[in-house]
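Before any comments, here is the structure.
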Amino acid sequence: MAKKEDPKKAAPKKAGSGGGGKAKKKKWSKGKVKEKLANLVLFDKPTYDKMLVDVPKLKLITPSIISEKLKVNGSLARKAVKELVSQNLIRPILTHKHQHIYTRATNT
């Protein structure tokens, strides 16, 4: 069996349409940059009062929720939770090593 010559293969390749190294390199994106949060590190009077009024009305209370709603940092949110528990305004549901979940204090 003799080889049939294919006219597509026999045509010489153009210099520009070629393989690997000479093509433009892919530009990688720098990734999405998250905005820096400017959370409070100490309670001021309006924020503290808002914490005492608003947080005990929530059904689900965690330090991360307090941190987001009141714009305070995480350690301050943990202190706020301890304060609310000591005043019997909220009660614990689950206390895990990493995550503490609370709910509003009911009369039951």
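For clarity, every value in this text was computed on a predicted model and none was experimentally measured.
- The line from CD of E68 to OG1 of T62 is 8.0 Å long, rounded to the nearest 0.5 Å.
- In this structure, CD in E83 is found 10.5 Å from CG in L76, a value given to the nearest 0.5 Å.
- Residue-environment remark: CD (Q87) exceeds the threshold of 12 foreign heavy atoms within 6.0 Å.
- Cluster annotation: L94 is connected to I66 through the hydrophobic network of ILVMFWY side chains, with a link wherever side-chain heavy atoms come within less than 4.5 Å.
- Considering only heavy atoms from C-beta on, L60 stays 4.5 Å or farther from T103 through its side chain.
- At least one donor-acceptor pair under 3.5 Å links the side chain of R104 to the backbone N or O of K57.
- The shortest distance between side-chain heavy atoms of H100 and V81 does not fall below 4.5 Å.
- Put simply, the side chain of S67 gets close to the backbone of V72: a donor and an acceptor are under 3.5 Å apart.
- When side chains are defined from C-beta on, V55 does not count as touching K69, because their heavy atoms never get closer than 4.5 Å.
- The line from CG of N73 to CG of N39 is 6.5 Å long, rounded to the nearest 0.5 Å.
- For the pair K26 and W28, the distance from NZ or CZ to the six-membered ring centre is under 6.0 Å and the angle to the ring normal is within 45 degrees.
- Rounded to the nearest 0.5 angstrom, Y102 OH and I90 CD1 are separated by 6.5 Å.
- Here CD of E35 is found 8.0 Å from CG of L37. Values are rounded to the nearest 0.5 Å.
- One distance of note links CG of L70 with CG of L40; it measures 9.0 Å at 0.5 Å rounding.
- Between L84 and M51 the shortest side-chain heavy-atom distance falls below 4.5 Å.
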